[in-house]
Number of protein chains: 2
Amino acid sequence: MMISQDILIKYIQSLLPISSEKASQLCISFNQFEAEKNHFLLKENNVSNETFFLESGFVRAFIIDRDGNEVTTNIFSAPIFVNDFLSFFKRQPTSENFQTLTKCIFWKMSFEDVQRNFHAVPEFREFGRMMLVTNYSHLNDRMISMIRDTAEARYLKLLNKHLDIFQNVPLKIIASYLGIADTSLSRIRKELINK
Amino acid sequence: MMISQDILIKYIQSLLPISSEKASQLCISFNQFEAEKNHFLLKENNVSNETFFLESGFVRAFIIDRDGNEVTTNIFSAPIFVNDFLSFFKRQPTSENFQTLTKCIFWKMSFEDVQRNFHAVPEFREFGRMMLVTNYSHLNDRMISMIRDTAEARYLKLLNKHLDIFQNVPLKIIASYLGIADTSLSRIRKELINK
DNA sequence: TCCATTTCTTGTCATTTGCTAAGAAGACTT
DNA sequence: AAGTCTTCTTAGCAAATGACAAGAAATGGA
C-alpha cells in the first residue's frame, strides 16, 4: 500500500490557513489504516478517543431505536473527517455507532495527540472549533429539512449533492437517513420516473 | 424598574471561571430591556446580531413548515442565553423565529460588543465555544430522543426537568416541541391519568 | 459460470397519527 | 360580573406511512 499524505494535507489546507510544513508536521500524528466493509470505528456507550480522516470509502453513523432498528443519522463520503466530536471533546459516551459501508482508507489521530497538537501548532487550534461548527450546522440543516421539505425533496437534494452515495450505499441506509422506510423510498423513486 | 445585574453576573460565573470584577466589566456591554408577550427577538432570514440573556420569562424558537404551520424547535426557560449562535457566529441568515411566550426581562449584547469583549476579556473567549457546544449538544440529545423515545417518554422527561414550562407555556407549543399534534398530546395525558 | 446473498420493488393490509370540528374549561378584560 | 378570547379535551374520520411478504434483480464469491 502506497502511504501518501497528499490527500490529507490538501484537505487540511482547504479547511485551515496553514503552511505545507505545519500541515506535514500535523500529519506525523495521523496513522493510516485500511478497514474492510462493516468495520466499526466507534460503538455506542463508548467515549470517542480518535478522530478519523476518511481518505476513501463510505461510512455511516446510526443509532438503535426502541424497536431495535438501525436508524441512519449520517452518511460520510470521502474526503471528510469522521467522528462524534461532542463525545470526543466533552469526553462523554456517544449514542451513535460508526461503521464502514465499503472498504475504506483512514487516517486517525488520538485524543492525546489532538490535545498535544493544539499546543504545538497554533493554526490547528481552530480545527476543533471548526469541526464542532460544521457538524452542528449540518445537524441543524438536517432538522430544518426534516420539517420543511418532503421526503421527495430531501431525496432529490441528496441526489444532486452526493450522487456518489447513491452509487455506493444501499437505498435502505439512505431511506433511513432521509427519515422514511425503504419501501416508501421505492415508491418515491417510482413516482419520479413517471415524470 | 430596578436594574440589577446580579442574576446575569451570577449566571456568567456559573458558566465561566471569571472574577466578579471581570464579570461586572462584561456586563457593561449588556443592556437590559423588557419585552411583552409575543415580541419577536429574531425573525427568519435575518442574521442574528444580538445575543440575549433571558433573566425572567419564557421564549420559544419555531420554524414554519411547508404547510405554514409553526413548529417549535426550542423552549427557553430563564435564566439562559437565547440565540441562534450558528447565525450569530457564522453571520448567516437564520431559519428560525424567536418569540417571547410571556412578558420577559432580557439583557442583550451586540455582535460587535461580543467581538470586542473576546479581545478585552480573555476569560470571555470560552463563551462562544461553550454556547455552540451547549446548543449543539442539546440539539443532538433532542434528535436521539426523537428516535429512541416515545412521545410519552419525551413528555415525561420534559415534565420532570422543566415543570415551570408546563405552568407557563400552552400545551399546543409543547406538543409541537415534542414532535406531535396537540390532540395527540391530549390523548397521552389522558392515558397517563388512567395509571 | 453458477449459486447464494443482498438489494430493490411491489402489493396488500393494518395502524398510527393528524385534521377537523365542537364543546368545555379557563383566563383575561372591561 | 359578564363577555370574549384562548386553551384544552374529545370524538369521528381520513390519509399517510410502515410492516410484512413475495418475487425480481443485482451483486459477489467460490
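Letters go in sequence order (proteins before strands), and every chain restarts at 1. Computed from a predicted model, the values in this text were never measured in an experiment.
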> A:Asn38 has an atom CG; how far is it from atom C1' of D:dG28, in whole Å?
Replying inline: 14 Å
> When you list every nucleotide of DNA chain C with an atom under 4.0 Å from a heavy atom of chain A, which one comes first 5' to 3', and which comes last?
Replying inline: C:dT7 to C:dT12
> Rounded to whole angstrom units, what separation is found between the CG atom of B:Leu101 and the C1' atom of D:dT6?
Replying inline: 14 Å
>> From NZ of A:Lys103 over to P of D:dT27, roughly how many Å is that when rounded to an integer?
In response: 18 Å
> When rounded to the nearest 0.5 angstrom, what is the spacing between OH in B:Tyr177 and CZ in B:Arg60?
Replying inline: 14.0 Å
> Does a sphere of radius 6.0 Å around NZ in A:Lys90 hold more than 12 heavy atoms from other residues, nucleotides or ligands, not counting ones at 6.0 Å or beyond?
Replying inline: yes
>> Between the side chains of B:Lys43 and B:Glu96, is the shortest nitrogen-to-carboxylate-oxygen separation below 4.0 Å, so that they form an ion pair?
In response: no
> Are the ring centres of A:Phe30 and A:Phe53 closer than 6.0 Å?
Replying inline: no
> What is the nucleic acid contact for A:Arg187, judged by heavy atoms within less than 4.0 Å: base, sugar-phosphate only, or nothing?
Replying inline: base
> Nearest-Å distance, CD1 (B:Ile180) to C1' (D:dA16)?
Replying inline: 18 Å
>> Output the rounded distance in Å from CG (A:Asp182) to C1' (D:dT17).
In response: 12 Å
> Is a side-chain donor or acceptor of A:Arg91 paired with a backbone partner of A:Ser48 at a separation under 3.5 angstrom?
Replying inline: yes
> Is the shortest side-chain N/O distance from B:Ser186 to OP1 or OP2 of D:dC8 below 4.0 Å?
Replying inline: no
> Do any side-chain nitrogens or oxygens of B:Lys190 fall under 4.0 Å of OP1 or OP2 in D:dA11?
Replying inline: yes
>> Students often mix this up, so state it plainly: with edges at 30° and 60°, are the rings of A:Phe81 and A:Tyr11 parallel, tilted or perpendicular?
In response: tilted
> Roughly, in whole Å, what's the span from CZ in A:Arg189 to C1' in D:dT17?
Replying inline: 18 Å
> Ion pair present between A:Lys157 and A:Asp149, side-chain N to carboxylate O less than 4.0 angstrom?
Replying inline: yes
>> Over all strands shown, is B:Leu185 touching base, sugar-phosphate only, or nothing at heavy-atom distances under 4.0 angstrom?
In response: nothing
> Roughly, in whole Å, what's the span from CD in A:Glu152 to P in D:dA16?
Replying inline: 14 Å
> Just how far, in rounded Å, is P of D:dG18 from CG of A:Leu171?
Replying inline: 15 Å
